[in-house]
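Since the structure comes first, as structure tokens, the remarks are kept for the end.
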Amino acid sequence: MMVATGAAAGILAHAAARPPASAEPNVPAAGTTPTVNTLARAATATPPVTTEFNVPVLMRDGVVLRADILKPETGGPFPTLVYRTPYGKTEAETSHTIFRHAVERGYAVVIEDVRGRYSSDGDFNAYFYEGQDGLDTIEWAAKQPWSNGAVGTFGLSYPGAVEWLAAVERPPHLKAMVPAMTFSTPRNFFYSGGTWDLSWPAWILENIAADVREKKGIAGARTEDEARAEYQKNEARIVSSLPLSGLPDLRGVAPWYYTWLEHSPDDPWWNWAEIRGKYERTNAAVLNLSGWYDDEYGPEGATTNFSGLVAARKAEADPRTALVLGPWEHGVGATARTNAGERNFGAEAAIDYDSLVLGWLDLYLKNDATGWKLQKRVRYFLMGENAWHDADTWPPPSHPVLYFLSGPPEGATRGVVGPNRTRGAATTTFLSDPAHPFTDPYGAAPGAHDYQKIQRGGRDSVIYDSAALDSDLDVAGRASAEIYISCDAPDADIWVRLYDVAPDGTSFNLMSPGLDVQRASLRSGTTRQLLDPGKSYRISIPNMPMANRFLAGHRLRVQISGEFFPHFSRNLHTGEPDSDSPAMRTATITILHDAAHPSRIVLPITNWTPPEHPGQGGKPVVRRDVPPGGGK
């Protein structure tokens with residue numbers, strides 16, 4: 001999912017996680033004859049590199065894309081890597097070291113501007129043409145005289161998304177790929193839990209619009225800096241604009257944005273961007289990589305794609321896929337840091353991204369295992385313990401344990417979450433007001449933050465705290481929530497946020513927002529069904545991937561609200577789609593937690609010890625309808 005961030009004085013400002021494109025100095029203009037520049041790297045023992053600029057690559061419909069080709073000056077043919085980007089190929093070459101490292105290891109590297117961006121011809125339509133254009137580029141590269149026909153791809157964020165969209169088109173020469181921090185389904189990317197991702201306008205206006213205006217002669221900001229300043233000036237108006245389709249700012253630069261809004265998340269139209277269910281279409285070896293705080297796409301994409309590949313290749317002795325999950329925010333640079341937001345994870349958290357990616361590609365393109373260090377298919381970072389764990393599967397072996405929500409005991413203002421129901425109010429009620437939404441105070445800053453400032457009580461959310469833990473509790477896998485509600489409006493959103501609360505009150509989030517929300521009218525996942533006021537409904541949030549050790553003395557906190565603005569669109573509580581209607585009203589939402597409506601969180605506990613008497617003495621209750629292993 002894309003990040004929903006905010007300027008200090010505003011509501012939403014897009015972070016630099018999707019790298020901004022830039023002008024291309026000293027590169028021939030589109031349509032000129034490609035040039036060759038041989039660069040011998042001073043003060044190194046690495047071989048000279050030959051670079052060809054703006055090499056034309058013909059697509060099936062006659063549109064010409066352009067790429068820079070880097071390769072060793074001597075030798076060949078070479079195994080070949082393809083990297084496709086909307087942010088400018090020159091920006092990529094100057095911002096990332098992996099291209100140089102790849103050539104040093106004997107690869108030819110194709111760095112291509114996607115359709116309609118910078119040096120490439122055609123009209124940009126985000127993601128839509130990347131499947132066929134990626135296929136055509138991979139097969140073009142495989143047939144070049146400097147290529148040995150073995151092609152791999154790599155990329156993070158949009159450059160990672162284009163890998164998957166191409167891979168499911170079945171390019172025969174694609175042997176290996178490393179799609180990092182990307183998606184598995186438009187239902188958890190353009191939307192999340194039925195809510196619209198409000199960071200799309202920021203992404204378009206800050207990263208895409210300037211080049212489009214330059215090419216089409218449209219008035220407005222023509223540089224990245226100008227575009228960013230313009231967006232931040234108008235930020236509050238843009239993210240608050242209703243209906244969503246009425247926002248005028250993108251009309252000239254991104255008409256496809258309004259096409260997106262014409263299609264609800266349950267519309268089959270989105271299948272062009274669906275990866276799930278298509279894993280049998282590629283034979284490539286796939287390394288999936290993401291971070292617990294990847295606020296652009298979230299770890300759902302990597303975990304779902306890994307599991308889908310394993311299932312599709314179950315008849316094979318080696319499914320040729322691996323998964324790495326670290327404590328990172330979005331971006332290549334984040335993988336080299338030891339902190340995410342305010343939470344520091346120690347030196348073990350940082351990795352060498354280039355070595356990891358190239359080690360995987362060496363293994364499957366060159367049959368060279370010397371650079372691949374992982375011994376098992378899965379490596380994940382357990383926050384709190386701040387250590388890496390290896391496993392054969394994702395989710396790792398665990399026991400799904402029920403933690404029930406109970407109403408506040410008499411005289412208390414907070415509910416209780418724990419392995420047994422406690423005596424307290426049978427219901428808890430809060431107000432959802434889209435005109436004054438419950439707001440994330442850290443919208444501008446990805447990563448982990450101390451949220452206790454918005455957890456002191458109020459009418460717009462409810463809090464449930466566990467008792468202080470007697471011993472460490474390791475949670476790793478797919479946490480889930482099953483919340484029973486009633487509402488006096490025909491629709492509502494349910495946000496369920498989990499926190500690790502230290503003895504001093506510090507309350508850290510365990511993931512970025514997006515996988516912890518469900519729009520009630522889309523609770524079935526397939527059809528829109530409005531609520532009947534006063535009737536009870538079960539709202540399921542099935543996949544909140546995380547890995548965290550709750551240390552002894554810490555508490556688990558659950559906070560439920562009707563919004564978590566400005567990350568995703570607000571529920572207007574009228575029953576009308578927010579894409580088409582500006583009308584809104586307040587809603588009173590009631591959480592039910594009596595015996596007939598056992599609202600609960602399900603935690604995949606990896607260090608679980610079976611109790612002698614389940615359900616008694618504060619011991620956890622194992623959910624018997626979910627097999628060990630952390631399934632839904």
Side-chain angles (χ1 to χ4, degrees), residues 49 55 57 67-72 75-85 89 92-93 96-112 114 130-131 133-182 275 279 281-289 302 305-306 309 313 318-324 332 352-374:
V49 176
V55 176
V57 183
D68 293 349
I69 315 297
L70 284 66
K71 57 183 185 291
F78 310 103
T80 302
L81 305 181
V82 171
Y83 179 92
R84 307 183 62 248
T85 177
K89 51 187 172 60
E93 293 169 46
H96 303 300
T97 57
I98 192 169
F99 306 109
R100 172 174 57 84
H101 291 154
V103 176
E104 289 170 357
R105 292 166 88 138
Y107 288 101
V109 184
V110 177
I111 311 173
E112 182 181 70
V114 302
E130 306 305 356
D133 286 356
L135 166 62
D136 291 352
T137 300
I138 289 167
E139 293 307 299
W140 173 89
K143 296 173 183 176
Q144 299 310 300
W146 37 259
S147 174
N148 68 2
V151 178
T153 62
F154 66 94
L156 184 149
S157 194
Y158 195 113
V162 303
E163 293 182 74
W164 268 117
L165 292 168
V168 298
E169 295 292 324
R170 298 186 171 98
H173 287 91
L174 180 62
K175 306 302 180 185
M177 53 191 279
V178 187
M181 298 189 185
T182 188
I275 306 301
Y279 300 106
R281 296 186 183 185
T282 181
N283 290 317
V286 184
L287 170 59
N288 305 274
L289 180 147
N305 293 335
F306 170 80
L309 285 166
R313 299 171 179 180
D318 179 6
R320 292 166 292 111
T321 186
L323 174 66
V324 177
V332 172
D352 184 332
Y353 172 84
D354 293 4
S355 294
L356 180 70
V357 170
L358 295 174
W360 179 263
L361 295 169
D362 285 351
L363 184 63
Y364 287 98
L365 294 179
K366 298 163 66 177
N367 196 29
D368 180 358
T370 56
W372 183 245
K373 307 301 183 185
L374 274 65

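The residue from N288, L323, T321 that alone fulfils the side chain to side chain contact (heavy atoms under 4.5 Å, CB included) condition with N305 is N288.
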Set out, in order, the CA-CA distance, both residues' side-chain angles and the distance that settles side chain to side chain contact (heavy atoms under 4.5 Å, CB included) for L156 and V178, then state yes or no. CA-CA 8 Å; L156 184 149; V178 187; over 6 Å; no

Item to complete: Could you walk me through whether R100 and E104 pass the salt bridge (charged side-chain N to carboxylate O under 4.0 Å, His left out) test, one step at a time?
Response: CA-CA 6 Å; R100 172 174 57 84; E104 289 170 357; 3.1 Å; yes

* Just do the side chain to side chain contact (heavy atoms under 4.5 Å, CB included) check on E130 and V114 with the steps written out, would you? => CA-CA 8 Å; E130 306 305 356; V114 302; 3.6 Å; yes

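Under the 3.5 Å distance criterion, the side-chain polar atoms of T153 are left unmatched by any main-chain donor or acceptor of M177. A donor-acceptor pair under 3.5 Å links the side-chain atoms of E163 to the main chain of G155, judged by distance alone. The closest donor-acceptor contact from the side chain of S147 to the backbone of K143 lies at 3.5 Å or more, if one exists at all.
For the residue pair R170 and R281, the shortest heavy atom distance occurs at CG-O, 3.0 Å. Across all their heavy atoms, G106 and P79 have their closest contact at O-CD, 3.6 Å. Nearest heavy atoms, A284 versus A176: CB-N, 4.0 Å. Of all the heavy atoms in G160 and P179, the pair that sits closest is O-CB, 3.7 Å. Annotation for V57 and A67: closest pair CG2-CB, 4.3 Å, computed over non-hydrogen atoms. Of all heavy-atom pairs spanning A92 and I111, the tightest one is CB-CG2, 4.5 Å.
By the 4.5 Å heavy-atom criterion applied to side chains, W164 and T282 are counted as neighbours. You'll find the side chain of L374 reaches within 4.5 Å of the side chain of V324, heavy atoms only. Taking 4.5 Å as the limit, some side-chain heavy atom of T80 sits within range of a side-chain heavy atom of W146. By the 4.5 Å heavy-atom criterion applied to side chains, Q144 and V110 are not counted as neighbours. F99 is not listed as a side-chain neighbour of D68, based on a closest heavy-atom distance of 4.5 Å or more.
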Please list, one pair per line, the donor and acceptor atoms closer than 3.5 Å that link side chains of residues 360-367 to other protein atoms, with sequence neighbours excluded.
residue	atom	partner	partner atom	Å
W360	NE1	A285	O	3.3
D362	OD1	Y107	OH	2.6
D362	OD2	R105	NE	3.1
D362	OD2	R105	NH2	2.7
K366	NZ	R105	O	2.5

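Note that CG of D136 is 9.5 Å distant from CD of E112, once rounded to the nearest 0.5 Å. Here NE2 of H96 is found 8.0 Å from OH of Y353. Values are rounded to the nearest 0.5 Å. Atom CG in D133 sits 11.0 Å away from atom CD1 in I138 (nearest 0.5 Å). The CG atom of L287 sits 10.5 Å away from the CZ atom of F306 when rounded to the nearest 0.5 Å.
Relative orientation of the Y83 and F154 rings is tilted, given thresholds of 30° and 60° on the angle between their planes.
In this view, A161 and Y127, T182, F183, Y297 satisfy the side-chain contact (heavy atoms from CB on, under 4.5 Å) rule, not counting sequence neighbours.
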